[in-house]
Novice: 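Mind looking over this structure? Questions follow.
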Amino acid sequence: MSRLPGAPRDTAREDEELRAEMESHMAHRVDDLVAGGMEPREARRRAEVEFGDPTRIRREVARVRRAGRRRGRLREVADALRQDLSFAARQLRRAPAFTATAVSTLALGIGAAVAIVSVVRTVVLDPLPFHEPERLVLMEMVTPGGADFSVSEPAFLEWRERLERYDGVTAFSRRGATLRAPGEPEAVLRGYASAGFLQVLGMEPLAGRGFVPEEDLPGEAAAVALLSESLWEARFGRRPEALGETLDLDGYAFQVVGVFPDELSVLVGETDLITPLGASVEVDRGEHYLDVVGRVAQGAAPALAREELEALAAWQSRTYEADRGWSARITPLEEALIGTATIRAGWVLLAAAGLLLLMALSLIHI
């Protein structure tokens with residue numbers, strides 16, 4: 001008698017039937033051995049040896065039955081799906097206008113959902129192109145009126161020297177320049193970065209190396225440069241021989257020592273090349289123009305790292321007239337670059353994409 005799909009199984013009854021069947025086979029074997037002249041007790045022992053452990057046999061039979069039931073359920077699901085698809089195809093053939101509307105609605109829903117997910121993934125979900133970006137923070141000075149502001153060279157150097165809950169602190173800025181050679185003159189965006197800039201970010205150069213401390217001495221920046229990936233390709237065809245060549249930048253010669261990935265633009269914008277900063281404590285403390293990024297030390301609590309910077313800024317405020325009333329704060333780099341509101345809006349858009357797809361499916365069902 002066949003069972004209805006999904007009907008409860010009497011496992012105890014199946015086990016009892018299996019035991020009875022095994023005992024029947026055992027009895028037949030004993031009878032055969034006795035008929036051959038063997039004593040009944042010896043015949044029973046021989047039959048048990050031939051059949052093996054009955055518990056193991058029952059387990060193996062149960063395993064085979066379970067596998068068979070799983071295959072049966074899969075066949076049932078496949079059959080039901082095939083029947084549903086056949087029925088849907090017949091219905092769509094009978095109503096071509098509805099079919100066109102349904103397909104268009106579903107296509108629009110899927111297209112819109114994919115577009116939304118793609119944008120959100122690019123802006124919100126994809127991690128920053130740095131090693132352990134969750135440890136990176138933007139470090140800013142705060143005006144007496146409470147506004148976020150860039151950092152002066154002397155303040156940056158004191159932060160880099162005195163902060164202990166950071167594995168590194170680096171600064172950068174950029175301004176326009178003219179690249180005169182090689183090739184035709186071109187207006188470019190020139191970046192300025194302190195030594196260890198790429199290392200603090202956790203980013204490897206595509207070729208060559210980054211700046212070393214000897215090239216970033218106070219007020220004595222070395223005449224070396226890092227090219228962007230795009231400029232490397234445009235001016236040098238991505239040739240490794242570009243390393244060591246000379247650039248004419250604003251009438252000064254700079255030697256190319258490395259190439260940085262274009263992904264760095266998420267932090268520094270569309271910068272074409274970078275030269276050493278050469279920050280000095282002799283620069284006017286009232287001249288604020290640096291963006292500063294720090295890497296919180298491994299295992300250090302962000303709250304303690306923030307308190308350490310705030311304490312140092314308070315000391316600067318008490319010590320220097322130009323810093324009087326100023327303070328400092330840190331912001332997770334991801335939040336600073338993307339913004340809390342943008343991140344929140346991204347998750348809302350993802351939810352909206354899912355809802356849009358569900359609405360498209362429900363309209364087709366109706």
Side-chain angles (χ1 to χ4, degrees), residues 128 130-175 191-203 211 213 216-219 221 264 266-269 274 276-341 343:
L128 296 177
F130 309 125
H131 177 63
E132 296 183 341
E134 67 279 1
R135 292 171 53 200
L136 293 174
V137 294
L138 181 66
M139 310 169 73
E140 297 174 291
M141 297 191 74
V142 181
T143 68
D148 296 335
F149 215 73
S150 51
V151 184
S152 67
E153 289 187 20
F156 155 65
L157 291 173
E158 289 167 350
W159 292 0
R160 187 175 66 177
E161 177 69 23
R162 302 190 181 197
L163 293 175
E164 298 180 353
R165 290 190 172 92
Y166 296 81
D167 283 341
V169 177
T170 190
F172 65 94
S173 182
R174 64 175 189 161
R175 65 189 63 173
Y192 299 81
S194 59
F197 180 58
L198 295 180
Q199 292 90 325
V200 171
L201 295 175
M203 176 175 279
F211 302 138
D216 187 40
L217 298 177
L264 186 61
V266 71
L267 177 64
V268 301
I274 298 176
L277 174 62
S280 171
V281 294
E282 301 301 325
V283 174
D284 184 359
R285 299 188 73 94
E287 186 177 346
H288 296 249
Y289 72 98
L290 292 177
D291 294 314
V292 178
V293 172
R295 177 173 289 274
V296 176
Q298 186 74 45
L304 294 179
R306 180 177 61 252
E307 290 174 3
E308 184 184 27
L309 175 62
E310 291 172 349
L312 180 54
W315 173 84
Q316 291 172 326
S317 178
R318 296 191 302 270
T319 305
Y320 303 106
E321 183 62 33
D323 291 341
R324 192 78 67 212
W326 288 68
S327 57
R329 67 162 56 104
I330 65 172
T331 306
L333 190 61
E334 180 182 46
E335 181 181 325
L337 295 179
I338 301 174
T340 304
I343 295 174

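Computed from heavy atoms alone, side chains included, the values below leave out hydrogens, waters and symmetry copies.
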Novice: Does the side-chain contact (heavy atoms from CB on, under 4.5 Å) test come out yes or no for R174 and V268, once each step is laid out?
Specialist: CA-CA 8 Å; R174 64 175 189 161; V268 301; 5.6 Å; no
Novice: Restricting to ring-ring contact (aromatic ring centres under 6.0 Å, His included), what partner residues turn up for F149, sequence neighbours left out?
Specialist: H288, W326
Novice: Listed by chain and number, what are the salt bridge (Lys or Arg N to Asp or Glu O under 4.0 Å) partners of E308, not counting sequence neighbours?
Specialist: none
Novice: Between the side chain of Y166 and the main-chain N/O of R160, is any donor-acceptor distance below 3.5 Å?
Specialist: no
Novice: Just how far is it from atom OG of S152 to atom CG of D284, taken to the nearest 0.5 Å?
Specialist: 8.5 Å
Novice: Let me confirm one number: the OH-CD distance from Y192 to E153, rounded to the nearest 0.5 Å.
Specialist: 11.0 Å
Novice: Without swapping roles, check the side chain of R324 against the backbone of S317 for a donor-acceptor pair under 3.5 Å.
Specialist: yes
Novice: If I take atom OG from residue S280 and atom CG from residue L217, how far apart are they, to the nearest 0.5 angstrom?
Specialist: 10.5 Å
Novice: Considering only heavy atoms from C-beta outward, does the side chain of F211 approach that of I274 to under 4.5 Å?
Specialist: yes
Novice: Please report the closest heavy-atom contact between A221 and P276, naming both atoms and the distance.
Specialist: CB-O, 3.6 Å
Novice: How close do A313 and S327 get, heavy atom to heavy atom, and via which atoms?
Specialist: CB-C, 3.9 Å
Novice: Which heavy atom in L128 sits nearest to a heavy atom in P133, and how many Å separate them?
Specialist: CB-CB, 3.9 Å
Novice: Only one of R135, Q199, Q298 clears side chain to side chain donor-acceptor pair (under 3.5 Å) with D167; which?
Specialist: R135
Novice: Could you tell me whether a side-chain N or O of S194 sits under 3.5 Å from a main-chain N or O of A171, the two making a donor and an acceptor?
Specialist: yes
Novice: If you round to the nearest 0.5 Å, how far is CE of M139 from OG1 of T170?
Specialist: 11.0 Å
Novice: Is there a side-chain contact between W315 and R318 in this structure, where contact means two heavy atoms from C-beta onward sitting under 4.5 Å apart?
Specialist: yes
Novice: Check D323 against Q316 and note the closest heavy-atom contact, atom names and distance.
Specialist: CB-O, 3.6 Å
Novice: Measuring from M203:CE to L264:CG, what's the distance to the nearest 0.5 Å?
Specialist: 5.0 Å
Novice: Which heavy atom of V142 sits nearest to which heavy atom of D148, and what is that distance?
Specialist: CG2-OD1, 4.1 Å
Novice: I want to check something: taking the side chain as every heavy atom from C-beta on, are D216 and F197 in contact at a cut-off of under 4.5 Å?
Specialist: no
Novice: R295 side chain to V200 main-chain N or O, any donor-acceptor pair under 3.5 Å?
Specialist: yes
Novice: Rounded to the nearest 0.5 Å, how far does CG of D291 lie from CG of L267?
Specialist: 7.5 Å
Novice: Are the side chains of L290 and S150 in touch, meaning some heavy atoms are under 4.5 Å apart?
Specialist: no
Novice: Among V293, L333, V292, V296, exactly one meets side-chain contact (heavy atoms from CB on, under 4.5 Å) together with V137. Which residue is that?
Specialist: V296
Novice: Which pair of non-hydrogen atoms, one from F156 and one from V151, has the smallest distance, and what is that distance?
Specialist: N-CG1, 3.7 Å
